[in-house]
Amino acid sequence: MADRDRDRRNTRPSPHDPLLARHREALDLFTERVHAIRPDQWDDPTPCTEWTVRDLVNHLAVEQMWVPPLVRAGRTIAEQGDALEGDLLGEDPVAAWDEAAAAAREAFTAPGALERTVDLSFGETPAEEYCAQITIDATVHAWDLSRAIGVDERIPKPLVDFSVRAVAPYAAELEKSGMFAAAVEPPSGADAQAKLLALLGREV
């Protein structure tokens, strides 16, 4: 009986399970799009006007590469230095993305990871909030990549709903952060995805 009770306790849902589920879905979505890139598309433009397809994938890959040192190792940005600057995709960008995404997922799902505090460019931040930011960024950039390479642009509803809830409280500050363009007016009759993208400066 004691063993059975212990097993039952060990399988109880964590309060972080919904966030980790969305994070997993966002990385899976972006991974699908990366694997759909044709060899001749890496230099094509994206909705992120200063980035090519390769630049966009590199941005997301480097973002994932930051997760293990910040979350698992507890390093500060200063301690990490410039090791994660520049184009880190190498000769096999798809494999580089896959490796970075797997490492980020492993770091965030480690026991106690989301209870930690991480050192970001704007100060100490709960790891849970950091994970949410990574999730939103992967979600929105999956749409950018989809449009750039001409594949399905739909974002799963759970990711749209999660992103809207997470972004809404500080939507007015997004443009000031430099991470997103100014919000645009969504088209008439826009659905939830179109409204999210418009909020983040995407013309749909």
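Note that this is a predicted model, so its numbers are computed, not measured. Residue numbers count from 1 along this sequence.
Of all the heavy atoms in P45 and A148, the pair that sits closest is O-CB, 3.5 Å. Nearest approach of G90 to R54, heavy atoms of both residues: O-NH2, 2.9 Å. Here the closest non-hydrogen pair linking C48 and D144 is SG-OD2, 3.4 Å.
Counting only heavy atoms from C-beta outward, the side chains of L114 and L20 approach each other to under 4.5 Å. Side-chain contact between Q64 and I134 is present, with at least one heavy-atom pair separated by less than 4.5 Å. With contacts defined as side-chain heavy-atom distances shorter than 4.5 Å, the pair V67/Y130 qualifies. Put simply, the side chain of T52 does not reach to within 4.5 Å of the side chain of W42, judged on heavy atoms. Two residues are said to be in side-chain contact when any heavy atoms from C-beta on lie closer than 4.5 Å; D44 and T46 fail this criterion. Side-chain contact check for W143 versus L29: every heavy-atom pair is 4.5 Å or farther apart.
R202 places a side-chain N or O within donor-acceptor distance of the main-chain N or O of L200, the cut-off being under 3.5 Å. Judged by distance alone, the side chain of E99 and the main-chain N or O of A96 form no donor-acceptor pair under 3.5 Å. Although no hydrogens or angles enter the test, the distance criterion places no donor-acceptor pair under 3.5 Å between the side chain of R72 and the main chain of A113.
The aromatic rings of W51 and H141 sit tilted, their planes meeting at an angle between 30° and 60°.
Look at K157 and D161 and you find a salt bridge, because one of the NZ, NE, NH1 or NH2 atoms lies within 4.0 Å of a carboxylate O, short of that distance.
No option in L56, V140, L60 other than L56 meets the side chain to side chain contact (heavy atoms under 4.5 Å, CB included) test with L145.
T135 and R22 are not linked by any side-chain donor-acceptor pair at a separation below 3.5 angstrom, with hydrogens and angles left out of the test. For D28 and T31, the side-chain atoms include no donor-acceptor pair closer than 3.5 Å.
Here the CG-NE2 distance, from D137 to H59, works out to 4.0 Å after rounding to the nearest 0.5 Å.
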Intermediate values then yes/no, side-chain contact (heavy atoms from CB on, under 4.5 Å), V53 and D43: CA-CA 6 Å; V53 167; D43 291 326; over 6 Å; no
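The distance between the ring centers of H23 and F108 falls below 6.0 angstrom.
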